[in-house]
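In listed order, ligands and their atoms are each counted from 1.
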Amino acid sequence: MSKQTLVVDLGERRYPIHIGSGLLDNPNLLLPHIHGKQVVIVSNTTVAPLYSQRVKAHLSDYDVVDVVLPDGEQYKNMEVMQDILTTMLEHRCDRTATVIALGGGVVGDITGFASSCYQRGVNFIQIPTTLLSQVDSSVGGKTGVNHPLGKNMIGAFYQPQVVIIDIDSLDTLDNRQFSAGMAEVIKYGLLWDRPFLDWLNDNMKALMQRDKTLLRQAIHRSCEIKAEVVADDEKEAGVRALLNLGHTFGHAIENAMGYGEWLHGEAVGAGMQMAAQLSMELGWLSADDIAYCEHIIQAAGLPIQPPKTMTIEDFNTIMAIDKKVINGVLRLVLMKSLGEAVLVSDFDPEVLQRTLSHSLGQ
Ligand code: NAD
Ligand code: GLY
């Protein structure tokens, strides 16, 4: 049960991220972060039967409430969040209750948001079980739900007490979901760390075969980058926006196709390639860079183009309500070079239209 521990350094709200094998069976990582007598485990119909008992095994001294959500991005909404809050009220959970999110990013985001609201905020623990949630969504405190008019539009910054990443939980994850998580891993290389990108490129085959040593290294470096960025800019006033590389295009794909149709990571894969294409249009990336991006995204089993059913108009309409739109101006995360992202607002709108046209083949 060897583990590595990183820290998200947010002063009084600093918290550890534990990464390793077999960590679900280690009570010493969990119990110090539970303060009251009530523990609410929020999971879903897929993950609860797989892992809930392993967490509960440490909680015989506590009053445990189970909340099992329906599975799917389409359930990351206000109604389901209300159900979590209702269950907590029905069980008379008080302000000392601790809420554990056990699952992927959907469970983590909605549970974190419910924790931030319940009696103005209760203790919250992340136990992420997908690759995407282990490298991205469980770290950094972005919580929330989708709205029919936009993804992740309702939410709060609310940091967990601890993040426990048991890489063995990925054993039960299917290949499509695993690929989707790899999109966020590649994202860190593209936006921040060229040597890491090259390491991923060299090792992608073995990573996709789930070599545990390499996987742990990839998760560790991803969390390290995320922790560094979040510690610098918790509320996304600056550098944190770079973590959204590929996401403005990606969110438009998810929204247009209907939440859950394209996985978030798949949409981010195509979105990163679109961001690379726009960066080339601006003269920052070369044709070789574009080919490199295409290769690594495809090697992770991800799409490099948006769905053929989408139109330029779809992108323009949906991107107009992206969270990075400020005073009506769309800001995009692009790449000055591979491994160096920038947030750009003063690009020629024609260049964006050319990129959309190229990516959609329209
Ligand atoms: P998800 O939570 O829907 O999980 C994917 C699927 O895998 C689900 O069917 C789930 O039940 C199943 N699953 C989870 N763990 C499993 C396991 N160990 N074995 C078998 N099946 C398992 O999707 P996701 O990709 O984890 O997260 C996507 C969500 O995360 C999106 O809503 C996205 O907006 C959000 N997100 C948030 C942040 C953030 O900073 N908060 C960052 C990135 C993404
Ligand atoms: N996933 C982007 C962020 O956490 O800021």
With heavy-atom distances below 4.0 Å as the criterion, list the atoms of ligand 1 near [X].
| X | value |
| --- | --- |
| Asn44 | 10 (C), 11 (O) |
| Leu50 | 19 (N), 20 (C) |
| Tyr51 | 18 (N) |
| Ser169 | 17 (C), 18 (N) |
| Lys76 | 31 (C), 32 (O), 33 (C), 34 (O), 35 (C) |
| Asp136 | 42 (C), 43 (C) |
| Asn152 | 34 (O) |

Could you check [atom] against the protein and tell me its nearest heavy-atom contact, residue, atom and distance included?
| atom | value |
| --- | --- |
| atom 5 (O) of ligand 2 | Arg240 NE, 2.7 Å |
| atom 35 (C) of ligand 1 | Asp109 OD2, 3.4 Å |
| atom 33 (C) of ligand 1 | Lys151 NZ, 3.6 Å |
| atom 13 (N) of ligand 1 | Val47 CG2, 3.7 Å |
| atom 26 (O) of ligand 1 | Thr130 OG1, 2.6 Å |
| atom 38 (C) of ligand 1 | Ser137 CB, 3.2 Å |
| atom 22 (C) of ligand 1 | Leu173 CD1, 3.6 Å |
| atom 20 (C) of ligand 1 | Thr172 O, 3.1 Å |
| atom 4 (O) of ligand 2 | Lys226 NZ, 2.6 Å |
| atom 15 (N) of ligand 1 | Thr129 OG1, 2.7 Å |

Check whether any side-chain N or O of [X] sits under 3.5 Å from a backbone N or O of [Y] as a donor-acceptor pair, and report yes or no.
| X | Y | result |
| --- | --- | --- |
| Asn203 | Leu207 | no |
| His91 | Thr87 | yes |
| Asp9 | Ala231 | no |
| Glu254 | Glu266 | no |
| Asn244 | His247 | no |
| Thr111 | Gly108 | no |
| Ser116 | Ala156 | no |
| Asp314 | Thr311 | yes |
| Tyr15 | Leu10 | no |
| Asn152 | Asn146 | no |

[X] versus ligand 1: do any nitrogen or oxygen atoms come within less than 3.5 Å of each other?
| X | value |
| --- | --- |
| Thr143 | no |
| Gly105 | yes |
| Glu73 | yes |
| Arg240 | no |
| His247 | no |
| Val106 | yes |

Would you say that more than 12 heavy atoms from the other residues, nucleotides or ligands in this model lie under 6.0 Å from the [atom1] of [X], or not?
| X | atom1 | answer |
| --- | --- | --- |
| His58 | NE2 | yes |
| Gln209 | CD | yes |
| Tyr75 | OH | no |

Taking heavy atoms and a distance under 4.0 Å, where does [X] meet ligand 1: side chain, backbone, both or neither?
| X | result |
| --- | --- |
| Lys142 | both |
| Leu132 | side chain |
| Glu254 | neither |
| Thr46 | side chain |
| Leu170 | neither |
| Val139 | neither |
| Asp71 | side chain |

Ala180 heavy atom under 4.0 Å from ligand 1
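No; Ala180 lies far enough from ligand 1 that no heavy-atom distance drops under 4.0 Å.
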
What do you reckon, does Lys226 put a non-hydrogen atom under 4.0 Å from ligand 1?
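Heavy atoms of Lys226 do come under 4.0 Å of ligand 1.
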
Check [Y] with [X], please: is the shortest side-chain N to carboxylate O separation under 4.0 Å?
| X | Y | result |
| --- | --- | --- |
| Arg194 | Glu340 | no |
| Asp232 | Arg240 | no |
| Asp109 | Lys151 | no |

List the atom pairs, with distances to 0.1 Å, where a side-chain N or O of residues 28-39 and a protein N or O form a donor-acceptor pair under 3.5 Å, not counting sequence neighbours.
| unit_1 | atom_1 | unit_2 | atom_2 | d |
| --- | --- | --- | --- | --- |
| Lys37 | NZ | Asp61 | O | 2.8 |
| Gln38 | OE1 | Asp94 | N | 2.9 |
| Gln38 | NE2 | Arg92 | O | 3.0 |

Should you measure from each heavy atom of Lys142, which atoms of ligand 2 turn up under 4.0 Å away?
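Those of ligand 2 that fall under 4.0 Å from Lys142 are 2 (C), 3 (C), 4 (O), 5 (O).
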
Numbered atoms and elements of ligand 2 in range of Asn244, under 4.0 angstrom, heavy atoms
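In order of number, 2 (C).
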
Counting heavy atoms only, which part of Asp136 comes closer than 4.0 Å to ligand 2: side chain, backbone, both or neither?
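Side chain only.
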
For Val229, which part has a heavy atom under 4.0 Å from ligand 2: side chain, backbone, both, or neither?
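Near ligand 2, Val229 shows nothing, with every heavy atom at 4.0 Å or more.
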
Measure the CE-CG distance between Met335 and Leu332 for me, rounded to the nearest 0.5 Å.
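These two atoms lie 11.5 Å from each other.
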
Rounded distance (nearest 0.5 Å) linking atom OH of Tyr51 with atom OG of Ser169:
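Tyr51 OH to Ser169 OG: 5.5 Å, rounded to 0.5 Å.
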
Establish, yes or no, whether the cationic atom of Arg221 lies under 6.0 Å from the six-membered ring centre of Tyr188 and within 45° of the ring axis.
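The answer is no; the distance or angle limit is not met.
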
If you measure from each heavy atom of Glu184 to ligand 2, is any distance below 4.0 Å?
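In this structure, Glu184 fails to qualify as a contact of ligand 2 - no heavy atom is under 4.0 Å.
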
Only one of Val64, Leu102, Val47 passes side-chain contact (heavy atoms from CB on, under 4.5 Å) with Ser52; say which it is.
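Of all the options given, the one that passes is Leu102.
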
